[in-house]
Amino acid sequence: MSDLFARYRKLLARRDQLLGQGANPFGLRFDRLLSPTRALVEGREVLLLGTNNYLGLTFDPACVEAALAATRAYGTGTTGSRIANGTYDLHERLERALADFYDRARCLVFTTGYQANLATLAGLAGPGDRIFIDSHSHASIYDGCLLSGARIIRFRHNDAEDLERRLARHRGEEGIQLVVVEGLYSMLGDVAPLRELVAVVRRHGAWMVVDEAHSLGVYGARGRGVAEEQGVEAEVDVVVGTFSKSLGAVGGFAVSHHEGLELLRYAARPYMFTASPSPATMASVTAAIQRIRDDPSLRERIWRNARALHAGLAELGLRLGADPGPVVAVVLPDEATAVAVWNHLLAHGLYVNLALPPGTPDRRSLLRLSVSAAHSEEEIERAIAAFRELVRRFDLKSAA
Amino acid sequence: MMTKDEISARIIDLVERHNPKGLTILLETDLTEELEIDSVAAMDLVMEIEEEFDLNIPVNEVADLRTVGDLVELVARELRGREP
């Protein structure tokens, strides 16, 4: 009899080889969360620097209480989709809160951030259209494009000139042209040059979607993201984002000044054919948005920590992926070193993300650290000290 | 209009950059099995081909590529599609 999973032979060998070197970087179990920045792993306390919990709101009392109250009042789940099984006032309240926060006419919420991109891209474009995506785009952007049936054209990462060349090749053709970029790229932590990109988009009569998943709550005077930071919000047609990072829950959204966004409720399958976000999620996210509006010190703290961590690691001579920001990527010479270093850090009480090809840009092996407003200065110091020890032991300085 | 032979020659030149084992590259050469070009390298190769021929190759078309000949057919098709 043939093996149903025969196609995964190479994957299996690679996984077994990886697991042979220590803990499982792609399936580590946290037995208990002690705070947004600390957890128990196999009975030992670990400092968390790989959570995407940028503002540390997962344990925020206002958010936790809102989730508890909503669960008591509305139950544990919505048990269905909004088109088939109804909308709760909590959905509409959250959509209004997000629309107000972004100062946009329309907002749709989705059950996951992944589905936010699927629904938005498949809802906006279709066969006969073209979607231009940055070559470092997240998998949800690729998958949303595939679901749309549009022709997908990649342009070189953060390269407005390459985008322009590619748009020019289709001048005069039928169909809409959608350009999709991320505000902050989550692997290397680098920011999109949105000013240059929106100029190209406008010159070619295309439409612009910006995914602010990793930048919401961190960039911009009000925390709306990189488009706000770079002063180009009016040029962006749709902003997509997630609840699962700075907002501390699970889910996603799209906001737009186009009234037509509403039509996606009747056309975008990842919105229509899935259960809507849970009462707890909607309530905690509504509270989290209020926290971002009320408390600019959240942003001040994450930036203080981000700058301190970046400076500390740069001083050790490590090769970093980008300028200071909520994501700090340490570029390592090869996969074997990356896995060994990841295990060493975990054994010394530090959890970071291991990112390996093909999931990384340009085949790089990375340790990816995400900073939180909830980290204390002492915790950031501790993380830098762990890397100091690492540099001595693994000679990463010369290798990188 | 470029001939199939011209397209083939230029594509084989580009594929040579992804041929560390020095295999003889034919139209039948399998990109994954013989040249061991994985999904990431395939995207790099496609960008090189796009620049060489000044055209956009949609990602949708890349998944079905098996051989060097498939690349040639794809480029020929895209070039034809661009004609007025």
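Chain naming here is simple, since letters A, B, ... match the order of the sequence lines and numbering starts at 1 in each.
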(message) Applying salt bridge (Lys or Arg N to Asp or Glu O under 4.0 Å) as the test, list every pair that has at least one member in residues 114-142 of chain A; sequence neighbours left out.
(response) A:R130-A:E173
(request) Using a heavy-atom cutoff of under 4.5 Å, enumerate the residues of residues 47-67 of chain B that contact chain A, numbered in order, or state 'none'. (result) B:M47, B:E50, B:E51, B:D54, B:L55, B:N56, B:I57, B:P58, B:V59, B:N60, B:E61
(message) Is it the case that the side chain of A:H138 and the backbone of A:S140 share a donor-acceptor pair, with hydrogens and angles ignored and the cut-off at 3.5 Å?
(response) yes
(message) Taking side chain to side chain donor-acceptor pair (under 3.5 Å) as the criterion, tell me which of A:T242, A:N117, A:T120 meets it with A:D211.
(response) A:N117
(request) Step through the shown structure and confirm whether more than 12 heavy atoms of other residues, nucleotides or ligands are within 6.0 Å of CZ on A:R169. (result) yes
(message) Under a 4.0 Å threshold between the charged nitrogen and the carboxylate oxygen, would A:E335 count as salt-bridged to A:R14?
(response) yes
(message) If you count heavy-atom pairs within less than 4.5 Å of chain B, which of A:I133, A:L146, A:I153 leads?
(response) A:I153
(request) Report, by ascending residue number, the residues of residues 6-37 of chain B in heavy-atom contact with chain A at a distance under 4.5 Å; give 'none' if the set is empty. (result) none
(message) Would the distance check show the side chain of A:W342 and the main-chain N or O of A:L367 forming a donor-acceptor pair, the cut-off being under 3.5 Å?
(response) no
(request) Would you check if there is a donor-acceptor pair between the side chains of A:H157 and A:D362 at a distance under 3.5 Å? (result) no
(message) Would you say that more than 12 heavy atoms from the other residues, nucleotides or ligands in this model lie under 6.0 Å from the CZ of A:F273, or not?
(response) yes
(request) List for me each residue that meets salt bridge (Lys or Arg N to Asp or Glu O under 4.0 Å) alongside A:R165, sequence neighbours excluded, and say none if there are none. (result) A:D162
(message) Under 4.0 Å between a side-chain nitrogen and a carboxylate oxygen: does that hold for A:R202 and A:D237?
(response) yes
